[in-house]
Amino acid sequence: MTADRPWLSSYPPGVPADIDASLYPSLVALMDESFGKYADRTAYSFMGKDVAYRDIDKQSRALAAYLQGLGLVKGDRVAVMMPNCPQYPVAVAAILRAGLILVNVNPLYTPRELEHQLKDSGSKAIVIMENFGRTLQQCIAATPVKHVVLASMGDRLGFLKGALVNYVVRNVKKLVPAFSLPGAVKFNDALDKGAAKTLQPPPIGPDDVAVLQYTGGTTGVSKGAVLLHRNVVANVLQSEAWNDPVMQKVPAGEQPTSVCALPLYHIFAFTVNMMLGLRTGGKVILIPNPRDLAGVLKELSKHTFHSFPAVNTLFAGLANHPDFNTVNWKNLKVSVGGGMAVQGAVAKLWLDKTGCPICEGYGLSETSPSATCNPTTSTAYTGTIGLPLPSTYLRLVDDEGNEVAAGQAGEIAIKGPQVMAGYWQRPDETAKVMTADGYFKSGDIGTVDERGFFKIVDRKKDMILVSGFNVYPNEVEDVVAQIDGVLECAAVGIPDEKTGEAVKLVIVRKSDALTEDKVREFCRANLTGYKQPRRIEFRTEMPKTPVGKILRRELRDAKK
């Protein structure tokens, strides 16, 4: 058994070699089981209010009936553009229960980015937080969206508290720019209308599409990874099996609880917080703004929690915060680091201060997302991305797709039940990354040791990884090239202490009339925050190959 999977001998006791991905025919079956089994438990804690499984069940059923009442049919796409709040899981459960396809949208997108995703996915409806209404207003006419459900932050907090929260969000913090979306229906009104209807659940099977998870492409165009119901179900069961050795230590009668400070629209939190939380009957503490470190720690001081998936920057920010010790970290059983490389110094500090090691994992939108992880029983930082999860196969290949010799570096290729069906309506792009025998080529270059631990050593693609988010240089360059006065431009990743990498933009300009301020202003209007250049450099010429291709590596390596 271990001949083709040498890493199995490094598995902690109790972790199976394989999971039964057929345990649930769909995510809907998984959710239905949890809604019945854990009806009285708290599903989410948000701004001091607990939301029961029973409430999510009832509200999502009503919203699903409402969506069907709009004439949406099985397979139609519905976008969701929200921060972490209880309306998000309600919307997701509703969309899936109605047989529709969820399109996760980054709430920080600019109108240009949002328009592309809504058009590419063919989304007919969107559930959106009012804070982002103006962004939608600026592009909706160019998209297929016909129905808008408009949520506000206080919707599900009760009349008094909800009104207060909405007042603060709108009038004190001024987080809702003026907008006009004629015909938009308020979230609570949609629930009321749906409650008067009866949901007609369509048959949903393992090979039906559950989610379009958008990710950058080598071409610089964001494309949707098609995740089937069975892909996400498998990854939930893989994650559960992997965490089991330490989660079994949660005292009987104590509800397993996870901290959700990662955005739920990101596949990492979607699977390991929301879906895994549902599967285990867990409580999820929703953090709407993880940048507010003092606020995060204040919220965590009110809870007992066991699981904390996060990115390196969040672990570092919290561990170095003066309020860190106001939180009881003693019950923490698993800290999973993903999205970007975990730094050794951060891992050491976290272990020193919490007693719980950060288990670094690795995955992509295309793998629902988790492919590898360090054992949750680890006590030391390994500097690796760990071992392939149950039912997962990894190999290292060369440019021709052949396996490299032992000890050599190669492109990490992944096979398993969590690997996507392909890219949405892009067979050409799918063909570039999928092998004939079902392996997904990740674009990351890795090595593996004799115990089966994989390590990333380089990136084949020019992708820049900023705090766990993919930034494709081509997209940045396409935007910047539109600026009057730009002759040539190139975007590259440079090391950054806080975010792992940051974007550096190099420009050859037509005249000195083009200033750094003008470039930044244009980037702010057209690129979401993490894609904007941290550093801008003007040059008289670009380093190029004999055929005229810009040498990104030289721009990266430049000390300037």
Side-chain angles (χ1 to χ4, degrees), residues 23-66 84-98 151 154-162 165 187-188 190-192 194-196 198-199 201 232-233 236-237 239-240 243-244 247-260 264 269-288 299-309 328 331-334:
L23 191 59
Y24 299 101
S26 69
L27 284 169
V28 175
L30 182 154
M31 291 190 295
D32 283 346
E33 178 186 89
S34 296
F35 290 147
K37 200 170 169 183
Y38 307 117
D40 296 326
R41 286 192 185 181
T42 296
Y44 300 96
S45 181
F46 177 72
M47 291 189 172
K49 182 176 171 65
D50 288 345
V51 185
Y53 275 79
R54 175 179 280 107
D55 298 331
I56 302 291
D57 181 16
K58 187 180 169 188
Q59 292 167 24
S60 65
R61 192 179 290 276
L63 186 57
Y66 172 78
N84 291 357
C85 58
Q87 298 94 309
Y88 178 90
V90 169
V92 167
I95 290 163
L96 298 177
R97 287 178 126 173
D155 278 340
R156 309 312 299 167
L157 294 174
F159 180 72
L160 279 176
K161 185 167 185 178
V165 166
F187 188 86
N188 287 351
L191 293 192
D192 291 343
T198 305
L199 171 64
V232 185
V233 165
V236 168
L237 298 176
S239 302
E240 181 186 32
N243 289 349
D244 202 45
M247 288 303 285
Q248 277 183 345
K249 295 175 184 172
V250 173
E254 205 171 283
Q255 187 182 8
T257 300
S258 70
V259 178
C260 185
L264 280 166
F270 179 83
T271 300
V272 302
N273 280 120
M274 179 180 163
M275 289 300 174
L276 181 57
L278 284 165
R279 158 70 184 161
T280 59
K283 176 173 89 171
V284 177
I285 303 164
L286 294 175
I287 306 289
E299 182 62 33
L300 296 186
S301 69
K302 302 168 188 170
H303 299 272
T304 294
F305 52 90
H306 314 98
S307 164
F308 196 162
N328 176 9
N331 302 291
L332 188 56
K333 302 286 185 277
V334 58

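Just so you know, residue 1 is the first one in the sequence shown, and it goes up from there. Just so we're clear, the structure is a prediction, and the values are computed from it rather than from any experiment.
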Rounded to the nearest 0.5 Å, what separation is found between the OH atom of Y38 and the CZ atom of R279?
7.0 Å
Approximate separation, where rounding is to 0.5 Å, of E254 CD and K249 NZ:
14.5 Å
Looking only at atom types and distance, does a side-chain atom of S34 sit under 3.5 Å from a main-chain N or O of L278, one as donor and one as acceptor?
yes
Is there a donor-acceptor pair closer than 3.5 Å between any side-chain N or O of N273 and the backbone N or O of V259?
yes
Between NZ on residue K283 and NE2 on residue H303, distance to nearest 0.5 Å
5.5 Å
For the OG atom of S258 and the CG atom of L286, what is their distance to the nearest 0.5 Å?
8.5 Å
Write down the atom of S45, the atom of D50, and the distance for their closest heavy-atom approach.
OG-OD1, 3.3 Å
In short, A151 meets F187 closest at the heavy-atom pair CA-CB, 3.8 Å
Check whether any side-chain heavy atom of E240 lies under 4.5 Å from a side-chain heavy atom of L276, and answer yes or no.
yes
Answer yes or no: is there a donor N or O on one side and an acceptor on the other, between the side chain of R97 and the main chain of D57, under 3.5 Å?
yes
For L300 and I287, work out which heavy atoms get closest and say how close.
CD2-CD1, 4.5 Å
Test side-chain contact (heavy atoms from CB on, under 4.5 Å) applied to Y66 and L191, step by step
CA-CA 7 Å; Y66 172 78; L191 293 192; over 6 Å; no
Tabulate below the donor-acceptor pairs under 3.5 Å that side-chain atoms of residues 85-95 make, not counting sequence neighbours, or state none.
residue, atom, partner, partner atom, Å
Q87, NE2, S152, O, 2.8
Y88, OH, N104, OD1, 2.6
Y88, OH, L264, O, 3.2

Spell out, as yes or no, whether a donor-acceptor pair under 3.5 Å connects the side chain of R41 to the backbone of Q255.
no
Of all the heavy-atom pairs spanning A98 and L199, show the shortest one and how long it is.
CA-CD1, 4.5 Å
Heavy atoms, side chains only, cut-off 4.5 Å: are T257 and T304 in contact?
no
So, the side chain of K333 versus the backbone of N331: is there a donor-acceptor pair under 3.5 Å, distance only?
yes
Do V233 and M275 pass the side-chain contact (heavy atoms from CB on, under 4.5 Å) test, and can you show the C-alpha distance, the side-chain angles, and the key distance before you say yes or no?
CA-CA 8 Å; V233 165; M275 289 300 174; over 6 Å; no
From N84 atom CG to F46 atom CZ, the distance as rounded to the nearest 0.5 Å
8.5 Å
So for atom NZ, which belongs to K58, do other residues, nucleotides or ligands contribute more than 12 heavy atoms lying within a distance under 6.0 Å?
no
side-chain hydrogen bond (donor to acceptor under 3.5 Å, both in side chains) filter on R54, not counting sequence neighbours, yields D40
So L157 and M47, side-chain contact (heavy atoms from CB on, under 4.5 Å) or not? Walk me through it.
CA-CA 8 Å; L157 294 174; M47 291 189 172; 3.9 Å; yes
To the nearest 0.5 Å, what is the distance between OH on Y44 and CG on D55?
12.0 Å
